[in-house]
Amino acid sequence: MERYNFKLTEENWQKFWEQKKTFTTKIEKNKKKFFCLEMFPYPSGKIHMGHVRNYTIGDVLARYKSLEGYNVLHPMGWDSFGMPAENAARQNNLNPREWTESNISNMKMQLKKLGLSIDWDREISTCSSDYYKHQQEFFLELYDKGLVYRKEEYVNWDPVDQTVLANEQVIDGKGWRSGAIVERRKLNQWFFNITKFSGELLAGLNDLNEWPNKVKIMQKNWIGKSFGCEVKFAIENSKNIKSISCFTTRPDTLFGMSFLAVSVDHPLSKFYENDKKFKEFKKQCSATGTTEESIANAEKIGFKTDLLGINPLDNKLKVPVYFANFVLMDYGLGAVFGCPAHDQRDLDFALKYKLNVMPVVSPKLEPGDFKIDNKAYTGPGYICNSSFLNGLKSPSESILKTIEYLEKQKLGVRKINFRLKDWGVSRQRYWGCPIPILYDEDGNAHKVPKEMLPVQLPNLSKLDPTGNPLDKEIEWKKVKLGGKNYLRETDTLDTFVDSSWYFLRFCSPQKKNYGFDYEEVKYWMPVDQYIGGVEHAILHLLYSRFFMQAISYKNDQMDLKEPFKGLFTQGMVCHETYKDTKNNWISPEEIEVVKGKKVLKKNNSIEVKVGPIESMSKSKKNTIDPEKIINNYGADAVRLFILSDSPPEKDVQWSEEGIISSSKFIQKLWTLNLRITQAIDKNYKKNSGKDLIKFTHKFLKKITVNLNNFSYNVIIANIHEMHSFFSKEIDNEYTAETLKENYIKILISLMPIIPHFSCECLNLLNIKKNIKWPKYDESLLEEDFVNIVIQINGKKRGLLKTKKDVLEKEIIDNINKDNNIMKYLNRSDIKKKIYIPNKLINIII
RNA sequence: GCCCUCGUGGUGAAAUUGGUAGACACAAAGGACUUAAAAUCCUUGCCGCUUGCGGAGUGCCAGUUCGAGUCUGGCCGAGGGCACCA
């Protein structure tokens, strides 16, 4: 039998799509639009299996929506600024732009081999000045709106990458990319005022009902809203300072206060700058690392001042004021009041410095002899030992009542506090978007005039191993404007800025005088389905949401607040790991299976240790090169396999056996196709094909439902069922028209999954135009016969095939003829019968 | 410590949302075809007696129900996020 030539077929169709511009899109106002977007890749050189999975999932959806009649926007671009280009440049003395561009052209070729339905006319690249010019405009626009500012701030400094990192980029106290332990440095930085929208970004999550809950919860926690009260504590014994304000969520525990504690960076500290002991203490605090363990294990230490803080609820109650290492300057007001009885951290501190521990919340209304030992009580209860607050239900009544009192007495105000901090966007790197700012001779910042945009990156022939390259470009830095001398800002923007608006650019990628066209954006936005890895749950997704807020802010032409209507986070691609006897990682390519054992290829007597299945990574050498796989098995086989084993949101395990079986299955489908076309050619008139029609419609329903649920793995199972149905039934001499009509519907329904194969088969049947998603007919799905489960006491004892909608009596009559079931029924009387028509009968004896 | 998610065969998983548990696939074992191998196809899959039948069975323990993988409560385990957040 003729074999399916995937290579030729796939090449032909890819050429056809390219020449016919099949996937080129433009606004069509009479059509419903669908913006399908996958997170664009960083051009590292080669695509990896993660890309294959991500873009296959997106392509299935894009092709399906397009068949359904939507006007689908499915673009692709390159997140092409960033560290790897710069590192390659520094290490191998390459030009970052050339390096990046050659990577892009290679990856583009690889992506095309996957047969993706992408509108390549909309391709964008963030390192192109056509792109970053508009980013600089946005920067200045945000500056004008007061959403960008510059300040000296303690920042996360990555000593390896030699750059500042955003809080979101510090993971367990280490740089997200370099893994180096992050240091604290005070630097002048540009910030985006993301906290201005804390409330909006939090509230907006409620409307994102097509987002995974997990991601929404992560963002919610990251924004970290807490409700409480700002309380002012008068200070005694001080010429310098009259009061200290604290934010608290538990003002109702004020009577249990036994100390005030402030951060070493608190304004109060400037009065102790010359105090030797304080300086020593400050040093001790910063010596504590920023890693997870060191923080968790860090002892709570304090520096006692001579100040006394006065309890606002009773001015006879006075407590010492400490500097303490556990108080953070950048949360709340950098000061806390300590209530040891009901906060473990405060209790640890109080026990160390022998401070008062008095419970003010008791689990029972009558506190009796309720005492705190070395575990703080944080549960609910009733207020006690608190004068006029006594007896209030805590925390449900007590917090609000206390705030009301404090507000009335002008001792405090209710306040909502957020954990979210402003987004520091300055990076001391070369390969990024220059910040369009000039400094005059006094060091004041000025916007680069609009007509001077873009601020082009200078083309550097050589990058020094360390430091900020732009800072060393003396000539580039100097600018003369209106007879005055200026120096350019030499920091570049965090590359997360680049990806915060690229979805807008995709709507009108060629627009010259602005980043996007409002008409186009109004038609295409929001992104209907965004697909990517969950690792961007906070960083990229939160920044993009902020950017949309910022662009819509003070803007009559735009009121879109959420860029991504639907979000899907796909799982990772995993592979077994292998090690040799010396514990070196071995790649799957070096391995051979001999007698069921995995051994080294070069010397097949040495068995390798098979390690756990882990996500593909270069360091573990368990990656598989997609291009090789596509060349060996074809794009359709790769698509089929990457979708088949696990649901798309979960991790999938790549295996040689799996891809082989997928490619064999394509062959089987081809063989089936030949048998079906032959049967059509024979032009039978015999079999009306009632069961064939029923099967087809049931199949179409399954595919449609599963496509809408992202149950792509089940679709592959459905296709296997389809194959086995036709393999068995094809000799039934179905009437040719019926067979053809139904088979065409099935082929169309396969187009999103295995487009080359389906297009080829359809083409051979002369179906070339007006291909639409086949609708299933619900009325054809009805079965004439049903299997009724016969249960006795809830246990399945038999199956009965009957006509649909038979009466209970008929079932019982049938049961009475069944010896196997009667042997149970004869044992005792029937107490009860539950009959669910067309499903089951349960007889209780 | 806090928050979230998930526990189904040797493996990846399915289950119309409370109604036949294990669809579909991978791996394994046995068989058919073949001189042989590959390829292809078929069968098996936990326990008990011979087919057939019966029993147990969706992490564990309870509960609701005629009926629970699915709902409720408790426990155990795995993964992920946050973390001195006041």
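FYI, side chains are in, hydrogens and waters are out, and symmetry mates aren't considered; it's all heavy atoms of this structure. Quantities reported herein were computed from a predicted structural model and do not represent experimental measurements. Here is the naming used below: chain letters follow the sequence lines, and residue numbers restart at 1 for every chain.
- Nucleic acid contact for A:Q791: base, since at least one base atom lies under 4.0 Å from a heavy atom of the residue.
- Nucleic acid contact class of A:I217 (heavy atoms, under 4.0 Å, all strands): sugar-phosphate only.
- What separates CZ of A:R675 from P of B:rU40 is a distance of 16 Å, to the nearest Å.
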Throw together a table of side-chain donor-acceptor distances under 3.5 angstrom for residues 224-231 of chain A, partners on residues two or more places apart or in other chains.
from	atom 1	to	atom 2	distance (Å)
A:S226	OG	A:Y331	OH	3.1
A:E230	OE1	A:K415	NZ	3.2

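- The nearest whole Å value for the distance from the NZ atom in A:K214 to the C1' atom in B:rC6 is 10 Å.
- Among the atoms of the strands shown, none is found under 4.0 Å from any heavy atom of A:K220.
- A:Y824 comes within contact range of the sugar-phosphate backbone alone, with a heavy-atom separation under 4.0 Å but no base atom that close.
- Base pairing of B:rC75: its partner is B:rG59, meeting the Watson-Crick or G-U wobble criterion (both donor-acceptor distances under 3.5 Å).
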For residues 831-845 of chain A, tabulate all N or O donor-acceptor pairs below 3.5 Å that involve a side-chain atom, not counting sequence neighbours.
from	atom 1	to	atom 2	distance (Å)
A:Y835	OH	A:V806	O	2.9
A:N838	OD1	A:D805	N	2.8
A:N838	ND2	A:D805	OD1	2.8
A:N842	OD1	A:G794	N	2.9

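- Partners of A:D343 by side-chain hydrogen bond (donor to acceptor under 3.5 Å, both in side chains), not counting sequence neighbours, listed by chain and number: A:R345.
- Across the P atoms, B:rC71 and B:rG19 are found 11 Å apart, a figure rounded to whole Å.
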Between side-chain atoms of residues 640-653 of chain A and protein atoms elsewhere (two or more places apart, or another chain), which donor-acceptor pairs fall under 3.5 Å?
from	atom 1	to	atom 2	distance (Å)
A:S644	OG	A:F641	O	3.0
A:S646	OG	A:D651	O	3.3
A:D651	OD1	A:M572	N	2.8

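- Atom CG of A:L208 sits about 8.0 Å away from atom CD of A:Q219, to the nearest 0.5 Å.
- Rounded to a whole Å, the CG atom of A:L640 is 11 Å from the P atom of B:rC26.
- Of the P atoms belonging to B:rA86 and B:rG67, the separation is 47 Å, rounded to the nearest Å.
- Counting any heavy atom pair closer than 4.0 Å across all strands shown, A:I844 reaches sugar-phosphate atoms only and no base atom.
- Side-chain N/O atoms of A:K795 include one lying less than 4.0 angstrom from OP1 or OP2 on B:rA56.
- A distance of about 13 Å separates the C1' atoms of B:rA13 and B:rU58, rounded to the whole Å.
- Following rounding to the nearest Å, A:N213 (CG) and B:rG81 (P) show an atom-to-atom distance of 17 Å.
- When the C1' atom is compared between B:rG81 and B:rA28, the two are found 39 Å apart, to the nearest whole Å.
- For B:rC66, its base never sits under 3.5 Å from the side chain of A:K833 at any donor and acceptor pair.
- The residue A:K831 sits apart from the nucleic acid: no heavy atom pair falls under 4.0 Å.
- Within 4.0 Å of A:V534, counting heavy atoms only, lies no atom of the nucleic acid at all.
- In the set B:rA83, B:rC66, B:rU20, B:rC66 carries the atom at the smallest distance from any side-chain atom of A:I834.
- In this structure, the CG atom of A:L840 is 13 Å from the C1' atom of B:rA68, given to the nearest Å.
- Here B:rU17 is in the syn range [glycosidic angle within 90° of 0].
- Out of B:rC41, B:rG55, B:rA23, the shortest distance to the side chain of A:R797 is found at B:rG55.
- A:S258 and A:N356 are not linked by any side-chain donor-acceptor pair at a separation below 3.5 angstrom, with hydrogens and angles left out of the test.
- Here B:rC26 is the nucleotide among B:rG81, B:rA86, B:rC26 with the atom lying nearest to any side-chain atom of A:E657.
- Taking 90° from 0 as the syn/anti boundary, the base of B:rG12 is oriented anti.
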Walk along nucleotides 7-18 of chain B from 5' to 3' and tag each nucleotide B, S or - by protein heavy-atom contact under 4.0 Å, base first, then sugar-phosphate. -----SSS----
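- In this structure, A:H266 has its ring center no closer than 6.0 Å to that of A:F323.
- To the nearest whole angstrom, the two C1' atoms, one in B:rA14 and one in B:rC26, are 15 Å apart.
- Checking A:S394 against A:R250 by side-chain atom types alone, a donor-acceptor pair falls below 3.5 Å.
- Looking at residues two or more places apart in sequence or on another chain, you find no salt bridge (Lys or Arg N to Asp or Glu O under 4.0 Å) involving A:R53.
- Geometric assessment of A:K801 against the ring of A:F785 yields a positive cation-pi assignment under the 6.0 Å and 45° thresholds.
- The side chain of A:R345 lies closest to B:rC85 when the candidates are B:rC85, B:rA83, B:rC3.
- Rounded to whole Å, the distance from OH on A:Y835 to C1' on B:rG67 is 17 Å.
- Atom pair A:H536:NE2 and B:rG81:P shows a separation of 14 Å (rounding to whole Å applied).
- For the pair A:F725 CZ and B:rC24 P, the interatomic distance rounds to 15 Å; values are reported in whole Å.
- The nucleotide whose nearest atom lies closest to any side-chain atom of A:Y331 is, among B:rC66, B:rU20, B:rA86, B:rA86.
- Among the atoms of the strands shown, none is found under 4.0 Å from any heavy atom of A:K698.
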